[in-house]
Protein chains: 2
Amino acid sequence: MEKSQMRLTYQRKIILEELKNLGNHPTVDEVYLAVKKRLPRISMSTVYRSLEVLSKNGFIKKLEPIDTQKRFDDNVGVHYHFYCLNCGKIKDAPLHESESKEIEEAIKSIEKVIEKRGYKVNGYTLEFWGKCDHCEGGESYGGEKSKK
Amino acid sequence: MEKSQMRLTYQRKIILEELKNLGNHPTVDEVYLAVKKRLPRISMSTVYRSLEVLSKNGFIKKLEPIDTQKRFDDNVGVHYHFYCLNCGKIKDAPLHESESKEIEEAIKSIEKVIEKRGYKVNGYTLEFWGKCDHCEGGESYGGEKSKK
DNA sequence: ATGTAAATGAAAACGATTATTGTTTTTGAA
DNA sequence: TTCAAAAACAATAATCGTTTTCATTTACAT
């Protein structure tokens, strides 16, 4: 959160412009291709670094999956997940079935609204993140996977 | 959804057992390491394939990020996202601010419950998926990115 | 027992991202 | 102004998780 000395270079201006032109949350690759038309010599790494820096400085917002790895669950019932930033584990959010159902109802009604506006909703993901009971309770125990 | 001719082979039985032993949504790698102790010659691809097949046949559940790529957004306000399985675009869910706020309230109160149970909640992700207005309205227009 | 489809293991290929290298700008103090 | 230090650049190689390929083995219905 320090006062930044980020330079809004020519490349970054173009990247910012093209990001806005593209709209709808483009991938890095999509931005790269758009920018490349105006700056044929730009490199992919510059685009990555610039988007990173621009988001760190509040110009844009980064959307990244909490966790990119595939995981598997032997629990087939409906439940929500909690991602612990400290130990990297994914636990089931500590909710009773009635509470989970409550959320589901609320979200289902929102889905109806979305469908009224021309979309077809097939499902949703809701996950929480923070520190799990184990890590929040005792002292941190050096989780192997926390990258952020 | 056809009647499956999946074979519950020796390897798959072990994989299933170890998945249950591990609990808490292990990554493929974690399963691999556990299984390897009992089947030293097993290969990573077998683990990947088996977990895939087991989930397709309802024995377990796969947790995979809707989209693994990083994306960037010039909209910094609070809003939810909609992932279109057809064209691969991520759009803003078509909700008014009041509606979004409504959800946020509901989820905030759930967060409180989770915190009451020893967790620290720093945030959450809620995203919807299905077909966007454009793809649901007209006929499909051969989206480049739909992989699932 | 035999034939066929499915599953396996090893290795290579893959796509997205990050790190490294050497070079070019830019900045701002002397 | 000029010049060293910092920042950004382009190109490339390296990494990570995952998928594919392919030759071999296994399961199982006939």
Side-chain angles (χ1 to χ4, degrees), chain A residues 2-16 18 25-57 59-60 62-72 83 88 90 144-148, chain B residues 2-16 18 25-57 59-60 62-72 83 88 90 144-148:
Chain A
E2 304 118 40
K3 202 67 208 128
S4 85
Q5 63 275 49
M6 184 197 68
R7 293 175 194 165
L8 197 46
T9 62
Y10 183 55
Q11 286 90 332
R12 291 179 181 171
K13 266 182 210 129
I14 307 278
I15 287 170
L16 205 45
E18 290 304 319
H25 327 91
T27 61
V28 179
D29 195 63
E30 286 163 355
V31 176
Y32 171 68
L33 289 175
V35 170
K36 209 185 164 109
K37 286 182 189 156
R38 296 174 60 185
L39 303 176
R41 297 186 43 78
I42 195 139
S43 115
M44 190 56 128
S45 48
T46 300
V47 177
Y48 266 101
R49 262 182 289 118
S50 302
L51 288 169
E52 204 62 44
V53 143
L54 287 166
S55 74
K56 282 214 174 85
N57 287 85
F59 290 86
I60 60 179
K62 175 164 53 158
L63 313 184
E64 62 177 339
I66 300 182
D67 181 70
T68 57
Q69 274 177 268
K70 270 185 186 167
R71 290 169 180 268
F72 292 85
Y83 181 75
I90 292 191
E144 330 80 57
K145 302 228 163 179
S146 51
K147 295 181 290 186
K148 312 195 182 180
Chain B
E2 304 119 38
K3 201 69 206 125
S4 84
Q5 61 276 47
M6 183 195 70
R7 295 178 191 163
L8 197 47
T9 62
Y10 185 54
Q11 286 89 332
R12 290 179 181 173
K13 268 181 208 128
I14 307 279
I15 287 169
L16 206 44
E18 291 304 321
H25 326 92
T27 61
V28 179
D29 195 62
E30 286 162 354
V31 177
Y32 171 69
L33 290 174
V35 170
K36 208 182 164 115
K37 287 182 189 155
R38 297 173 61 187
L39 302 176
R41 296 187 45 77
I42 195 144
S43 113
M44 189 56 125
S45 47
T46 300
V47 179
Y48 265 101
R49 273 177 307 211
S50 301
L51 289 169
E52 203 64 43
V53 142
L54 287 166
S55 75
K56 281 214 175 86
N57 287 86
F59 290 87
I60 60 178
K62 176 165 52 159
L63 313 184
E64 61 177 340
I66 300 183
D67 181 70
T68 57
Q69 275 175 270
K70 266 182 190 168
R71 289 168 182 269
F72 292 85
Y83 181 75
I90 292 191
E144 329 80 58
K145 302 229 158 178
S146 51
K147 295 180 290 185
K148 314 197 178 176

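Lettering of chains follows the sequences in order, A, B, ..., and the numbering in each one begins at 1. The analysis underlying the following values was restricted to heavy atoms, covering all of them including side chains, and did not include hydrogens, waters or symmetry mates.
Note: CE (B/M6) to C1' (D/dC28) measures 15 Å, nearest angstrom. As rounded to whole Å, 10 Å separates atom P of C/dT17 from atom NZ of A/K62. Distance CG (A/L39) to P (D/dA8): 16 Å, rounded to an integer number of Å. Nucleotide C/dA13 holds its C1' atom 16 Å from the CE atom of B/M44, rounded to whole Å. Taking atom CG of A/L63 as the reference point, atom P of C/dT17 lies 12 Å away to the nearest angstrom. The separation between A/I42 atom CD1 and D/dA10 atom C1' is 9 Å, rounded to whole Å. As a whole-Å value, the separation of A/Q69 CD from D/dG17 P is 5 Å. Rounded to whole angstrom, the span from the CZ atom of B/R71 across to the P atom of C/dA16 amounts to 11 Å.
Between B/D67 and the options B/R71, B/K70, B/Q69, a side-chain hydrogen bond (donor to acceptor under 3.5 Å, both in side chains) holds for only B/R71. Looking at A/R7, A/K13, A/M6 one by one, the single match for side-chain contact (heavy atoms from CB on, under 4.5 Å) with A/T9 turns out to be A/R7.
For the pair A/R49 and D/dA7, the criterion of a side-chain N or O lying under 4.0 Å from OP1 or OP2 is not met. Within the structure, a side-chain polar atom (N or O) of B/Q11 is placed less than 4.0 Å from OP1 or OP2 of C/dG9. OP1 or OP2 of D/dA11 has not a single side-chain nitrogen or oxygen of A/T46 nearer than 4.0 Å. One finds no side-chain N or O of A/S43 lying less than 4.0 angstrom from the OP1 or OP2 phosphate oxygen of D/dC9. Regarding contacts with the backbone of D/dC9, every side-chain N or O of A/S45 stays at 4.0 angstrom or more from both OP1 and OP2.
For B/R7, counting side-chain heavy atoms from C-beta on, the closest listed nucleotide (C/dA7, D/dA8, C/dA10) is C/dA7. Each of C/dG9, C/dT8, D/dT18 was ranked by its minimum atom distance to the side chain of B/Y48; first place goes to D/dT18. Side-chain proximity of A/R12 to the nucleotides D/dA11, D/dC9, C/dT8 is greatest for D/dC9.
Residues A/D29 and A/M44 are in side-chain contact: their nearest non-hydrogen atoms beyond the backbone lie under 4.5 Å apart. Taking the side chain as every heavy atom from C-beta outward, B/E52 and B/Y48 never approach each other to under 4.5 Å.
In this structure, A/K70 and B/Y10 both approach DNA chain D, and ranking their closest nucleotides by distance from the 5' end singles out A/K70.
Of the inter-residue distances, the one linking A/L39 atom CG with A/Y10 atom OH reads 5.5 Å to the nearest 0.5 angstrom.
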